[in-house]
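A short worksheet on the structure shown next.
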Amino acid sequence: MFSEQAPPTAQGLLGPPSAEPPTFPRVPVLGYSDCSGPFQLAERSFARQYAHVYSVRLAGMRPVLERRARGLWGKDVLVRKLSELQTGEKCCVVGTLFKAMQLQPSILQEISDEHNLVPQPPLPKYIQPSDELILEDELQRIKLEGAIDVQRLVTGTILAVYGSEQDDGRFVVEDHCLADLPPPLPWNGPSSDRFVLLASGLGLGSGSGEALLGTQLLVDVVTGQLGAEGEQSCAATISRVILAGNLLSQNTQGRDTINKARYLTKKTQAASVEAVKMLDEILLQLCTSVPVDVMPGEFDPANYTLPQQPLHRCMLPLSSTYATLHLVTNPYQADLDGVRFLGTSGQNVSDISKYSSMDDYLEILEWTLLAGHISPTAPDTLGCYPFYKSDPFIITECPQVYFCGNAPHFQSKLLQGAEGQRVLLVTVPEFSTTQTACLINLRDLTCQPITFSSFGAEDED
Amino acid sequence: MSQPRRVTDSFPRRRRRGPGRPPGRLKDKGHRDKEHRDKEHKDKGQHDKEHKDKAAGKEKVRGSPPDPALLDMLRRFDLCWEYGPCSGITRLQRWERAQALGLSPPGPIRDALLEHGDHPDVTYRWVTPRPI
């Protein structure tokens, strides 16, 4: 890609270097504003229960869903609460979905002595044909049946169903709808080519050195130390790098220090210490050249519950002295050069894939945007902070780039909405396994992968 | 909450009785708030006496005692389902959340909460008296 865009008169590599090496100034940052305010936690009180999260989620999304229901099923459609339902009357109900799953890991079952159960090993999917959907509103709940895909939906989604209640107390659904895309933002994107590099899953500290070559190549491309002048001039159009989580590998999460005896582990250092030092050195190289946004991920030294707070700057002493390093939250929302980015490190999408029949990360990403909520399964199966004032995961304005990190492969899609929304959906692959990062062109919202493959020992040239 | 919650937030400290006073309810008007609290939390008297010693430095609440009618109105505000769950947050926080969501909670409640902001019976939700 870079080679195609390079001007043909640029100096190639097969010749002596020019007498005066040209300099390529990086494109200046046109505008940056961090909109992750709602994801930053000031006071952290865990004394509350999670009922507040569901209550504000429903209260916040109810007007949106009622408006959409009236648009779909007619202005005169009756919107009823569950307590006002009458048998046989066709009406619309808005509520939170709960999926009763037999295989869902339940801490109460695990510690129950009478069942004598061995704790269930983590499964890739917890869905079963016997799962049931239950709709809850502020006061009551009712079982749903009919034209609704039980396997696909997950707990915590707010949706509107249209149908009628039967004599035996079930609600037969004829049609249902989600919140659909939020209202669009005005387009302020740049008029010339500008790129943002998205990478995730660097996986440092994994013990194998093969991924390190790819990481170093990535850093060299971005800082303009790779390729001839043509490639360097194109790399100068990269205005930002976003690292979407899992900078450390899962191997650094060893629990040996907890399980083993103290005299065995006294002198050993946690694996993550070495990995964070490596991360600091890599970030130092990047930060001297380009603004970097670092999001924490599942295996990074940050809190477990969503929203994950930024990594602490004392862990990165070398690179945090540079103002180009931005340690940000997960999920992350910001206006980069006029384009609204919203993304996570992938925990929300992988959690939904465990409890739904959807497998494709891009499909799930699109579904979360259509449901109007970044992570509906929090707090049920994904850790979440007990909010009480408002649910910050509700998507109120349609982002222009919506990404999730740590996906198995790279996929991207441009979604067009009915009200003029244009969203680029990107699933950023895990760099440690795929050696692939994504380059997003902010001018026309296109995305392409860039792979740094190195020849392995078994490859023949 | 930034301040650590104490047991005396839910179970207010009873006034220390002198050695010469007989046990039982005092019918004096001056001790009306203590008597009132006795009525609400009479079965927690045992707990109060234990925690009274442990809660060092907790000042006894002064000022005009809140009306039973006011406390009743606040209790009805707690049990109103439209404004969401009432546990774990102060009544003022709940009122402000309802206001932000556009549910228009009644104004007099907020005035009452601000006026008696130092009284634990008013600030936090109504606690069910523990059965004996």
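Just so we're on the same page: letters track the sequence lines, and every chain starts at 1. Any value given below was found using the heavy atoms of this structure, including those in side chains, with hydrogens, waters and symmetry copies removed.
With rounding to the nearest 0.5 Å, the separation of OG in A:Ser55 from CG in B:Leu101 is 7.5 Å. Rounded to the nearest 0.5 Å, atoms CD (A:Glu138) and CD (B:Glu82) are 9.0 Å apart.
Taking 4.5 Å as the heavy-atom cut-off, none of the residues of residues 103-111 of chain B approach chain A.
For residues 50-73 of chain A, the ring pair (Phe, Tyr, Trp, His ring centres under 6.0 Å) pairs, not counting sequence neighbours, are A:Trp73-A:Tyr162.
For A:Gln166, the CD atom counts as densely surrounded, since its 6.0 Å shell holds more than 12 non-hydrogen atoms of other residues, nucleotides or ligands.
The backbone N or O of A:Ser390 sits nowhere less than 3.5 Å from a side-chain atom of B:Arg97 that would complete a donor-acceptor pair.
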